[in-house]
Amino acid sequence: MEIVNVAVLPEVTSAGVIIKAIIILAIISAIAGFGTYLERKILAFMQRRLGPMHVGPYGLLQIAADGIKLFTKEDIVPQNANKLIFKVAPAITAATAFIALAAVPVFPDFTIPEWIPLLGGTFVPSIAADINIGVLFILGMMAAGLYGPLLAGMAQANKWGIIGSARTAIQFLSYEVVTGLSILAPIMLVGSLSLVEFNNYQQGGFSSWMMWQQPVAFVLFLIAGFAETNRTPFDLLEHEAEVVSGYATEYSGMRWGMFFIGEYANMITVSVLAAVIFMGGYNDLGFIAGWLIVVLKIAFVFFLMLWVRASWPHIRPDQLMWLCWKVLMPVAVVNVVITGFVMMV
Amino acid sequence: MSLEQFKNRNVGSQTYKMIESEPTPESGMGRFGQVVKRTFKGELFVGLYVTMREMINALFIGEMHTVKYPLEKLPISPRYRAIHDMLRLLESGHYRCIGCGLCEKICISDCIKMDTRYDENQRKEVSEYTINFGRCIFCGYCAEVCPELAIVHGGRYENASEQRAGFSLFEDMLTPIDALKDQKEFDGFGAVTPNADNAIKKTPLAY
Ligand code: SF4
Ligand code: SF4
């Protein structure tokens, strides 16, 4: 089926990929900004508050106000900081988050109409980099995102930053193991690392979703995804009550904003992965079109992150390590082994 | 929770709900059992349910708790001690203050300054009356001591200002003459109690 697709689709030119990259950058940043608004609204509703209300109707333009604030705020680099690393670190977080999105299918593909000068007729693919190791690439890129908080915390000459970056190292490295192992079982079942293959594997409707076959892997992936995107209950990197703001203590203005955008882009990536790998991808569900259902699924996982943030307390670093190495990792290994046995029998 | 319950300080008699915590397990197996029990008990989902219930209640049942403060205000208790008001007599419209000076005398932060003189009918009139709200501690003594219920505490509590000293003149606190029909009798600090008529004793003059 893919062979037919490749034959029908026009050739992907470098211009198309660049346009796609710009589209991803622009739209995902906007969605990430909108995500902050949604987060504040939903958290507020769950605490019976109203949330942002005053800028624009229902506070919708709050993003614009925040953006203006972030862009115009003074950009402070502390005196004893390692200036170069301090300045580069936020870019690492934002860049790795967006590079990970390069291998994720976002928005359908289209061709720019002929009448537009210069770019007319360029085919814009749905995936910027359609590589056959999609899952591996995304996980690897998100793991590389670890360097953002790590370097930021170490470069800023602040004890809270140091604690934050130490926590970054233990948390991201440990949970990388759980993510990898939990996703390994579905990969074994599908026999491919391509997200398109994952999608095709679950074509049989609701009952063929991977989360029914691999419930343990699904739960493990969600837990590890929360940890890797630094969300409550695993937001140890920048937990205000303990380490002021962790690795982001000394950051202000747009550099801090880049950490923020990176975090939200990572949340979107994890939501997309959960939706495509475990929740049936973009196959049509009954009468609901595929593109709509995948947006709904992604939105649900995103909502779940906010919901959990409103509901659960966060845990201590030692509990985090205990959970990872004594519970989640053994369970993930057992899950992989059992999956292997079942496949062989 | 009603106010009576809230004021009850007798530990043990309140309707507290005691949380039953299990003893800390001693053995490794016990700890393992505790982990398994906590994992599958579904307490985390109770937490999720609670926040979702609150959100639905807030959005659809109208249990939103936000008060949009400058636009909406909560009612304050009549006993609240905010910026003072000067009341007028309802019948004549004349201000109630008789210039006795008790409030100036009792004010513990010395912030009331007043002066009186005789008017053309040889009646006492208040010629100067200011309160320095930069010094006032809103203790309520002036309202309590006033024999005429003339100076009372009103409901204006937004008294942030750019300077420490903020004087209020007699005319600023006096009920505007055209708003006389809206003047409320004060039932807060130092006001006449509801059963004052019964409690009052006949004076010897009545015999
Ligand atoms: S409330 Fe107390 S401090 Fe303020 S004017 Fe009255 S007596 Fe003085
Ligand atoms: S105590 Fe009352 S009547 Fe006497 S001067 Fe003060 S405000 Fe006037």
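Letters go in sequence order (proteins before strands), and every chain restarts at 1. The shown structure was predicted, so the numbers you read here are calculated from the model rather than taken from an experiment.
Heavy-atom distances place both the backbone and the side chain of V308(A) under 4.5 Å from chain B. Neither the backbone nor the side chain of V46(B) comes within contact range of chain A; no heavy atom of the residue lies under 4.5 Å from a heavy atom of that chain. With a 4.5 Å cut-off on non-hydrogen atoms, W312(A) touches chain B through its side chain but not through its backbone. With a threshold of 4.5 angstrom between heavy atoms, L59(B) approaches chain A through side-chain atoms but not through N, CA, C or O.
With hydrogens and angles left out, the side-chain atoms of N335(A) and Q214(A) include a donor and acceptor closer than 3.5 Å.
R231(A) approaches L306(A) most closely through the heavy-atom pair NH2-CD2, 3.6 Å. In terms of heavy atoms, H153(B) sits closest to G140(B) at NE2-CA, 3.2 Å.
Ring geometry for Y80(B) against Y157(B) counts as perpendicular: the plane angle is over 60°, on a 0 to 90° scale with 30° as the lower cut.
Chain B forms more heavy-atom pairs under 4.5 Å with one residue of S311(A), A310(A), A44(A) than with any other, namely S311(A). Counting heavy-atom pairs under 4.5 Å between each of N57(B), T66(B), V35(B) and chain A puts T66(B) at the top.
The backbone N or O of R48(A) sits nowhere less than 3.5 Å from a side-chain atom of E54(B) that would complete a donor-acceptor pair.
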